[in-house]
Amino acid sequence: MNIPKSGLPRVVIIGGGFGGVSLAKELRDQEVQVVLIDKHNYHTFQPLLYQVSTGGLEPDSIAYPLRKILQDSPNNYFRLAEVLEIKPEENSVETDIGEIGYDYLVLATGSKTNFFGNTNIEKNAMAMKTVPQSLNLRSLILENFEDALLTDDLNKREALMNFVIVGGGPTGVELAGALAEIKKGILPKDYPDLDTRIAQINLIQGSDRLLATMSEPASKKAEIFLKKLGVNVYKNMRVTDYDGYNVSTNVDDSFEAATLIWAAGVQGATIKGLNAEDIIVRGNRVKVDEFNKVIGFDNVFAIGDIAIMQSKNEPYGHPMVAQPAMQQGRHLGANILRLLSKKALVPFKYNDKGSMATVGRNKAVVDMKKFKFQGVFAWFVWMFVHLFFLIGFRNRVVVFVNWVYNYVRFDREARLIIRPYKKNKGL
């Protein structure tokens, strides 16, 4: 990989997400050599991917170059590569551009969409975990309306304008709200010769309430907000199959839709080489101890979505969201420095700062330790928090300006088909 030889201990970090970036920052300017490996050359602010999909933001607003994060650190290196296998017995990592040895290895590979073994859904549904996937979804949404304008087949037109979102977590709720606002405020202006009233946004949740990880008041209020926006909310319903046109469920209801967006679950993005049954557990996550050390290894760690730190209070590990990853990254960085100084490691303790979701203009729900609130104030809190955690001053300014413009004009300027996306719609 053409990494300079050094007398410093080498820490190899796989993944430039929230955890990997936080760890790299913590080790910046320390007496260690840091090598960050990712198959993309940018960090993605995943909580705002849905706004790229719905034309609210361009992808460069929520992406930040990984090299720029490391550029002022002389002992930090980035390599654009895909990791193929971990070889812990050799203390090395095999990638598509060569092998690299390590003194300490950190897995921060994050998560990927979990289709729960349904190959038809995986083949025909749209996922939204990466920038390319979000751009594909944006193109498909816009192309569907263009196609609906051209067809004389009423059933086909309705299917093209029918959107099914599977999963009532924050991603599904926020996406449903954004699509409902597009239907209400943008489609009638963009397509005056198309009866956009027939467009349907359907949100399907497998359990008895939306936002199941949040409080009951937040769940109920989010559902009220969505229904006021015209979203069809279905609870205690599971999608069992999708062929690109017909959506089958576990109940009598079925749908005809050209677009099914899968937001029903994620699983750890594991890498070949750590496949022992006692290490890879529920959700395809890597089991770690209280120091984020992979069970059975002395110099291999895992942080963020890929890691599951089970305890009496957290039998299923920490939630697969940004905050645990960032906290674990910073904490592990300090622990690695303690390790090098032959000091005792400090156990990780998660500080749950709360959770939130936005449903649309002036509509959000926020759960904090001592306070729970919904509505306009929650919406402003949601915006402030997301702006604060964006990486890069430019990105914060661009996102803020876009939000202000969209709010004042009730518009989404980024509804562009930059690269056409073609899928078999089953039509």
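Model, not experiment: these values are computed from the prediction. Worth knowing before you read on, the calculation uses all heavy atoms, side chains too, and leaves out hydrogens, waters and symmetry mates.
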Requested in this report: Show the numbers, then the answer: is there a side chain to side chain contact (heavy atoms under 4.5 Å, CB included) between Leu80 and Lys39?
Outcome: CA-CA 5 Å; Leu80 184 65; Lys39 58 186 176 182; 5.6 Å; no
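- Taking each heavy atom of Pro59 and Val131 in turn, the nearest pair found is CB-CG1, 3.6 Å.
- Rounded to the nearest 0.5 Å, atoms OH (Tyr245) and CG (Leu260) are 14.0 Å apart.
- In this structure, Asp305 CG and Gln328 CD are separated by 9.5 Å, a value rounded to the nearest 0.5 Å.
- Taking the charged nitrogens against the carboxylate oxygens, Lys349 and Glu290 have no contact shorter than 4.0 Å, which rules out a salt bridge.
- The side-chain heavy atoms of Ile165 and Val173, taken from C-beta on, include no pair separated by under 4.5 Å.
- Contact check for Pro324 versus Pro319: side-chain heavy atoms found under the 4.5 Å cut-off.
- Looking at Asn406 and Arg361, their side chains never bring a donor and an acceptor atom within 3.5 Å of each other.
- Leu135 has its side chain out of reach of Ile418: every pair of non-hydrogen atoms, C-beta onward, lies at least 4.5 Å apart.
- When Ser355, Ser215, Ser219 are each tested for a side-chain hydrogen bond (donor to acceptor under 3.5 Å, both in side chains) with Asp367, only one passes: Ser215.
- Side chains of Glu146 and Tyr191: a donor-acceptor N/O pair is present below 3.5 angstrom, by distance only.
- One side chain, Asn232 or Asn202, offers a donor N or O that lies under 3.5 Å from an acceptor on the other.
- Sorted by first and then second residue, the salt bridge (charged side-chain N to carboxylate O under 4.0 Å, His left out) pairs with a member in residues 123-142 read Glu58-Arg138; sequence neighbours excluded.
- The CZ atom of Phe163 sits 5.0 Å away from atom OG1 of Thr259, with the distance rounded to the nearest 0.5 Å.
- Side-chain contact check for Leu27 versus Val11: some heavy-atom pair is nearer than 4.5 Å.
- Taking the side chain as every heavy atom from C-beta outward, Tyr242 and Asn118 never approach each other to under 4.5 Å.
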Requested in this report: With ring-ring contact (aromatic ring centres under 6.0 Å, His included) as the test, would you mind laying out the steps for His318 and Phe348 before giving the verdict?
Outcome: CA-CA 11 Å; His318 301 107; Phe348 173 76; 5.5 Å; yes
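- A salt bridge links Arg415 with Asp190: the distance from a Lys NZ or Arg NE/NH1/NH2 to an Asp or Glu carboxylate oxygen falls below 4.0 Å.
- The main-chain N or O of Leu149 is never found under 3.5 Å from a side-chain atom of Arg157 such that the two would form a donor-acceptor pair.
- The environment of Phe384 atom CZ is sparse: at most 12 non-hydrogen atoms of other residues, nucleotides or ligands sit within 6.0 angstrom.
- Contact check for Val381 versus Met356: side-chain heavy atoms found under the 4.5 Å cut-off.
- Taken from CD1 in Ile100 to OH in Tyr77, the straight-line distance is 10.5 Å, to the nearest 0.5 Å.
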Report task. Kindly indicate, with the supporting measurements, whether the criterion side chain to side chain contact (heavy atoms under 4.5 Å, CB included) is fulfilled by Val83 and Glu94. Result -> CA-CA 6 Å; Val83 175; Glu94 181 183 350; over 6 Å; no
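- Using cut-offs of 30° and 60° on the angle between ring planes, the pair Phe373 and Phe377 is tilted.
- A heavy-atom distance below 4.5 Å is found between the side chains of Thr113 and Trp262.
- Note that CD1 of Ile261 and CD1 of Ile141 are 5.0 Å apart. Values are rounded to the nearest 0.5 Å.
- For Asp38 (side chain) and Gly16 (main-chain N/O), a donor-acceptor pair under 3.5 Å exists by modelled atom type.
- Between the side chains of Asp147 and Asn144, no donor-acceptor pair of N or O atoms lies under 3.5 Å.
- The minimum heavy-atom distance linking Leu274 with Pro88 is given by the pair CD2-CG, 4.4 Å.
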Query raised in the report: Where do Ile417 and Glu143 land on the side chain to side chain contact (heavy atoms under 4.5 Å, CB included) test, with the steps shown first?
Result: CA-CA 8 Å; Ile417 305 174; Glu143 288 167 356; 3.7 Å; yes
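- Under a 3.5 Å cut-off, the side chain of Glu174 and the backbone N or O of Thr358 do form a donor-acceptor pair.
- Side-chain atoms of Arg28 come within 3.5 Å of backbone N or O of Ile69 as a donor-acceptor pair.
- More than 12 heavy atoms of other residues, nucleotides or ligands sit less than 6.0 Å from atom CG of Asp193.
- Using modelled atom types, one side-chain atom of Ser139 and one backbone atom of Arg419 make a donor-acceptor pair closer than 3.5 Å.
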Requested in this report: Show your working on side chain to side chain contact (heavy atoms under 4.5 Å, CB included) between Gln205 and Val233 and close with a plain yes or no.
Outcome: CA-CA 8 Å; Gln205 168 69 344; Val233 178; over 6 Å; no
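- Remark: Arg394 engages Asp60 in a salt bridge (Lys or Arg N to Asp or Glu O under 4.0 Å) (not counting sequence neighbours).
- Panel note: side chain Gln323, backbone Asp352; no donor-acceptor pair is recorded below 3.5 Å.
- Remark: Lys184 NZ is loosely packed, at most 12 non-hydrogen atoms of other residues, nucleotides or ligands lying under 6.0 Å away.
- The distance from atom CE of Met326 to atom CD1 of Ile303, rounded to the nearest 0.5 Å, is 11.5 Å.
- Side-chain N or O atoms of His386 include one that pairs as donor or acceptor with a backbone N or O of Trp382 at under 3.5 Å.
- A ring-centre distance under 6.0 Å is found for Tyr407 and Trp379.
- Checked by atom type and distance alone, the side chain of Asn162 pairs as donor or acceptor with a backbone atom of Glu256 at under 3.5 Å.
- Two rings, from Tyr234 and Phe255, have their centers less than 6.0 Å apart.
- Checking side-chain atoms of Ser73 against main-chain N and O of Asn76 turns up no donor-acceptor pair under 3.5 Å.
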Requested in this report: Using the side-chain hydrogen bond (donor to acceptor under 3.5 Å, both in side chains) rule, take Lys369 and Asn351 through it: C-alpha gap first, then chi angles, then the decisive distance, then the call.
Outcome: CA-CA 10 Å; Lys369 286 184 178 180; Asn351 178 19; 3.2 Å; yes
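- No more than 12 heavy atoms of other residues, nucleotides or ligands shown are found within 6.0 angstrom of CZ on Phe400.
- In this model, no donor atom of one side chain and acceptor atom of the other lie less than 3.5 Å apart for Ser61 and Asn395.
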Query - Audit row: His43, Phe18, ring-ring contact (aromatic ring centres under 6.0 Å, His included) steps and yes/no - result: CA-CA 8 Å; His43 165 80; Phe18 288 107; 5.0 Å; yes
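- A heavy-atom distance below 4.5 Å is not found between the side chains of Val294 and Lys287.
- A donor atom on one side chain and an acceptor atom on the other are not found under 3.5 Å apart for Ser248 and Asp241.
- Judged by distance alone, the side chains of Gln46 and Thr44 never bring a donor and an acceptor atom under 3.5 Å apart.
- Not a single donor-acceptor pair under 3.5 Å links the side chain of Thr95 to the backbone N or O of Ala81.
- The list of side chain to side chain donor-acceptor pair (under 3.5 Å) pairs with a residue in residues 306-316, not counting sequence neighbours, is empty.
- A salt bridge is defined here as a Lys NZ or Arg NE, NH1 or NH2 lying under 4.0 Å from an Asp or Glu carboxylate O, and Glu223 with Arg209 fails to meet this definition.
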